[in-house]
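Accompanying notes for the structure given below.
Just so it is clear, the model here is predicted, and its values are computed rather than measured. Note on naming: letters A, B, ... go to the chains in the order of the sequence lines (proteins, then strands), and numbering restarts at 1 for each one.
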There are 2 protein chains.
Amino acid sequence: MKEPPYITPELHEAMRGVMVYVGGKIDSSKCPVRDVMDHIGDKWSSLLMVALGTRPHRFGELKRAVPDISQRMLTQTLRDLQADGLVSRHVFPTVPPSVEYRLTPMGESMMPPLMELMKWAAENHARIRQARLDFAESAAA
Amino acid sequence: MKEPPYITPELHEAMRGVMVYVGGKIDSSKCPVRDVMDHIGDKWSSLLMVALGTRPHRFGELKRAVPDISQRMLTQTLRDLQADGLVSRHVFPTVPPSVEYRLTPMGESMMPPLMELMKWAAENHARIRQARLDFAESAAA
DNA sequence: ATATATAGTTACTAATTGAGACCATGTTTA
DNA sequence: TAAACATGGTCTCAATTAGTAACTATATAT
């Protein structure tokens, strides 16, 4: 887990104008934007967060919910989410052992803003796909 | 730009419960969540979106705003954002030529939900960093 | 006895990203 | 007049990251 790089104070300053809701309190020494986006922005995290947002899941359930994730990446992504304090892991000493993953309170607090973005994604999906077609066509011309 | 994989209809169904605001209309044939997150969720897109959300930028300005992006990735990420219809590119035939990038209306429409997530990131950044320390410590023990 | 399910790990390979040199043009500096 | 610099890139190659497939261990069902 590499220390994410920063963005310029200038950009932070500029963001302040856009991020009115942030409360004017942006720690410019460490960049929260990428520190967080580098994680939930990776290929699988947001998907797993959405899955776990519906209810706790066992390892195998998550694998079935996101069928094209590899076991390796599932393990790794869950560990990262756990490290970030967004997901908690509970082992039940059954046989075979079962492991349940669920959102922590902090993880749950991320869901509303995350879902806002998902909502946008769902609403604009068709437009984006069309834009890609248009772009491909104009590039070919 | 590889065709992103889907998530299961079951998960889509589950998301429906969480994504009340989505209006119950989720196209299960293509997965909007990852189709969008695969893009704005990559290492640089959200950062560039935030930068462009403040005002239009020239190529070099963006490079200075996000100083640790390589020129190669800046070009590539901008092309991808352009292909998705989030960013538009305007060449001015000055000498040397100058190129301005700005958000499209669709790009602008993404800013409020994106900023909600940024706001969350800023507010929870300290907690996340602390969680990582705790996790590293508990793993070492 | 074999197959299946559990939750992973490990080694190897493929894909993505990053670092840095290079390009063309014209303007400023020495 | 020549060298240096700024523009917005591209190209090649090395490093990082992700994905594939095989393997682990134990217990239950067939």
From B/Phe135 atom CZ to A/Leu81 atom CG, the distance as rounded to the nearest 0.5 Å: 10.5 Å

Rounded distance (Å) that lies between atom C1' of D/dT16 and atom NZ of B/Lys43: 9 Å

Worked verdict on A/Gln130 versus A/Asp134 for side chain to side chain donor-acceptor pair (under 3.5 Å): CA-CA 6 Å; A/Gln130 186 57 51; A/Asp134 295 348; 2.9 Å; yes

Under 4.0 Å protein heavy-atom contacts per nucleotide of nucleotides 6-12 of chain D, with B for base, S for backbone only and - for none: -BBBBBB

Euclidean distance, A/Thr75 OG1 relative to A/Gln82 CD, rounded to 0.5 Å: 11.0 Å

Distance-minimising heavy-atom pair for A/Ala51 and A/Leu62: CB-CD2, 4.0 Å

Between P of C/dA19 and CD of B/Gln76, the distance in whole Å: 14 Å

Distance, nearest 0.5 Å, that separates CZ of A/Arg132 from CG of B/Asp80: 9.0 Å

Pull out every protein N or O sitting under 3.5 Å from an N or O of nucleotides 28-30 of chain D, one pair per line with the distance.
none

Rounded distance (Å) that lies between atom P of C/dA14 and atom CE of A/Met73: 18 Å

Phosphate-side-chain proximity, B/Trp44 and C/dG18, N/O vs OP1/OP2 below 4.0 Å: yes

A/Lys63 NZ - D/dG19 P separation (whole Å): 14 Å

Heavy-atom closest contact (A/Gly107 atom, A/Met49 atom, distance): O-CE, 3.8 Å

Residues in side chain to side chain donor-acceptor pair (under 3.5 Å) contact with A/Ser88, at least two apart in sequence or another chain: A/His90

Exercise: identify the closest heavy-atom pair between A/Leu103 and A/Gly53: CD1-CA, 3.7 Å

Distance in angstrom units between B/Ile69 CD1 and C/dG20 P, rounded: 16 Å

Note: B/Lys63-B/Glu61 ion pair, threshold 4.0 Å (strictly below): no

Rounded distance in Å - CG (A/Leu74) to P (D/dG19): 11 Å

Gap between atoms CG and C1', on B/Asp42 and D/dA18 respectively (whole Å): 15 Å

